[in-house]
There are 2 protein chains.
Amino acid sequence: MTDQTECDRLDRRRRAFIEAARELFVRLGYERTTLGEIVDRAGGSLATVYKLFGNKEGILEVVVFEKASSGATLVREAAEKGGTPQEILHRLAVSFQAHFLDPEVVALVRIVIARSVSNKDFARRFFERTATRTLDSLQQLFADWQDGGIELNAPPHILAELFLGLFVSDVHADAISHRVGMDNSLERLRARTQFFVMGSGVLENKNANISFEGSNGL
Amino acid sequence: MTDQTECDRLDRRRRAFIEAARELFVRLGYERTTLGEIVDRAGGSLATVYKLFGNKEGILEVVVFEKASSGATLVREAAEKGGTPQEILHRLAVSFQAHFLDPEVVALVRIVIARSVSNKDFARRFFERTATRTLDSLQQLFADWQDGGIELNAPPHILAELFLGLFVSDVHADAISHRVGMDNSLERLRARTQFFVMGSGVLENKNANISFEGSNGL
DNA sequence: ACAAGGGCGTAATATCTATTACATCTTCGC
DNA sequence: GCGAAGATGTAATAGATATTACGCCCTTGT
């Protein structure tokens with residue numbers, strides 16, 4: 001009974017449970033998914049589920065937090081490629097849309113909102129790990145631009161909220177309407193980026209030196 | 001047994017059930033509210049609930065659709081008072097915020113999203129009666145402005161989505177985070193309106209004649 | 001006061017599912 | 001092969017609640 005092999009065996013089970021649970025949670029929601037179904041799909045047994053996750057809520061936590069990541073990485077990636085603010089913002093818009101409107105992500109958001117009624121702390125932690133972090137990261141980006149000499153129409157944290165809001169509102173609509181008549185065309189995305197560019201004021205800084213080293217730029 | 005009195009008696013019961021149900025749904029959510037609790041609070045009996053609403057879902061529908069109204073009225077009211085586009089938009093922002101961030105409305109939105117998994121049609125109808133109608137009404141407002149000679153940076157339907165999105169994203173954040181660190185100050189609201197004004201391009205039409213008769217203006 | 005229709009209250013039904021208990025079988029190092 | 005740790009499968013527990021059934025009592029109009 002080497003720890004390693006034991007670990008492997010349990011880990012494989014664990015993975016199987018998580019995959020099965022995610023698939024079912026996404027399709028049926030949390031309440032309508034029974035532990036029995038998860039076991040049927042993943043193999044193994046109820047006893048093991050309880051050993052690994054404690055209870056039903058435990059497996060939900062693992063599933064949700066495994067999938068829910070902040071957009072901070074996306075912000076960094078988009079910024080590192082350089083270019084004008086418009087270019088950076090558009091790249092960011094593309095990856096934000098792909099990330100936030102991923103049907104699995106939307107389905108999990110639905111579940112988190114549903115559970116937020118009886119388990120506020122759970123929802124709050126989710127919010128922290130996704131929205132709050134993304135906001136911080138966006139705010140930093142805009143602050144860096146500002147330090148680099150770009151004049152903005154509003155403080156960075158306000159702009160961060162507004163930019164993220166462009167996508168959050170879509171997630172919300174999707175969560176309710178289940179994609180009735182949703183248009184995710186590139187044209188629409190471009191219009192939004194353009195709108196943000198105009199509203200934030202970065203357009204008026206066409207010739208500003210934008211180095212992403214940020215605060216020490218200029 | 002005049003129809004009138006019968007009607008009154010039943011109607012009063014009906015009202016009591018609806019009020020009790022709403023209060024409980026808002027506080028506990030749909031699943032955790034039992035019909036027994038509703039009856040305890042409203043008086044009357046289970047049998048009457050079933051006679052009036054058919055089943056548990058029936059009473060939810062009544063509660064939700066009674067409270068969920070579109071913002072079309074708000075749009076009309078804000079526009080009728082006249083003024084510059086900035087003024088109109090700011091008035092609209094104030095009433096949108098009050099309407100959409102009403103805690104009862106947010107709580108019902110949570111419920112609709114939760115139920116949208118198992119009852120897509122319900123959620124879709126809700127979306128139609130709220131978001132879609134509000135969007136149409138906003139689009140009309142912007143189209144009227146455009147017809148009145150104001151140049152806009154984007155088509156009216158895109159702008160309508162963007163403006164509504166400013167508030168929807170707040171509803172979404174509220175729905176998940178339950179108002180952790182939410183700032184609904186007037187300053188913030190003003191910044192948003194200003195942002196929209198800049199992004200949409202209406203600022204560049206300072207001297208345009210804006211009569212709300214719309215298409216026949218100018 | 002009366003007759004009756006209909007709401008009231010209670011209890012029974014019926015199902016569903018999280019959670020626990022337990023005996024059995026696998027796996028894995030030795 | 002062996003022995004033990006632990007996963008497995010099954011079944012029992014236990015509590016909750018939507019929904020139905022039914023007999024009583026009150027309201028109401030004459």
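Excluded from the calculations below are hydrogen atoms, water molecules and symmetry mates; all remaining heavy atoms, backbone and side chain alike, are included. Numbered from 1 within each chain, the chains take letters A, B, ... in sequence-line order.
The distance between atom CD of A:E31 and atom C1' of D:dT17, rounded to the nearest whole Å, is 13 Å. Rounding to whole angstrom units, CG of residue B:L52 and C1' of C:dG7 are separated by 10 Å. Spacing between atom CZ of A:F53 and atom C1' of C:dT19 amounts to 16 Å, rounded to whole angstrom units. Across the protein-nucleic acid pair, A:L35 atom CG and D:dT13 atom P stand 20 Å apart, rounded to whole Å. Between B:K56 atom NZ and D:dT20 atom P the separation is 15 Å, expressed in whole Å. Atom-to-atom, OH of B:Y50 to P of D:dT20 comes out at 6 Å; the value is rounded to the nearest Å. Whole-Å rounding puts the A:L46 CG to D:dA12 P distance at 15 Å. Here C:dG5 presents its P atom at 13 Å from NZ of B:K51, a figure rounded to the nearest Å.
Residue A:S45 places no side-chain N or O under 4.0 Å from the OP1 or OP2 atom of D:dG9. Within the 4.0 Å cut-off from OP1 or OP2 of C:dT17, not a single side-chain nitrogen or oxygen of A:R32 is found.
Comparing B:E57 and A:G43, the nucleotide of DNA chain D nearest to each residue sits closer to the 5' end for A:G43. The residue among A:A47 and A:T33 whose nearest nucleotide of DNA chain C is located toward the 5' end is A:T33.
The aromatic rings of B:F163 and B:F96 sit tilted, their planes meeting at an angle between 30° and 60°.
Distance from the side chain of B:R13 is smallest for C:dG7 among the nucleotides C:dT17, C:dG7, D:dT8.
The side chain to side chain contact (heavy atoms under 4.5 Å, CB included) test with B:V75 is passed by exactly one of B:L92, B:I88, B:D136: B:L92.
The local environment of CZ in B:R179 is crowded, with over 12 non-hydrogen atoms from other residues, nucleotides or ligands closer than 6.0 Å. Applying the 6.0 Å contact sphere to CZ of A:R32 captures no more than 12 heavy atoms from other residues, nucleotides or ligands.
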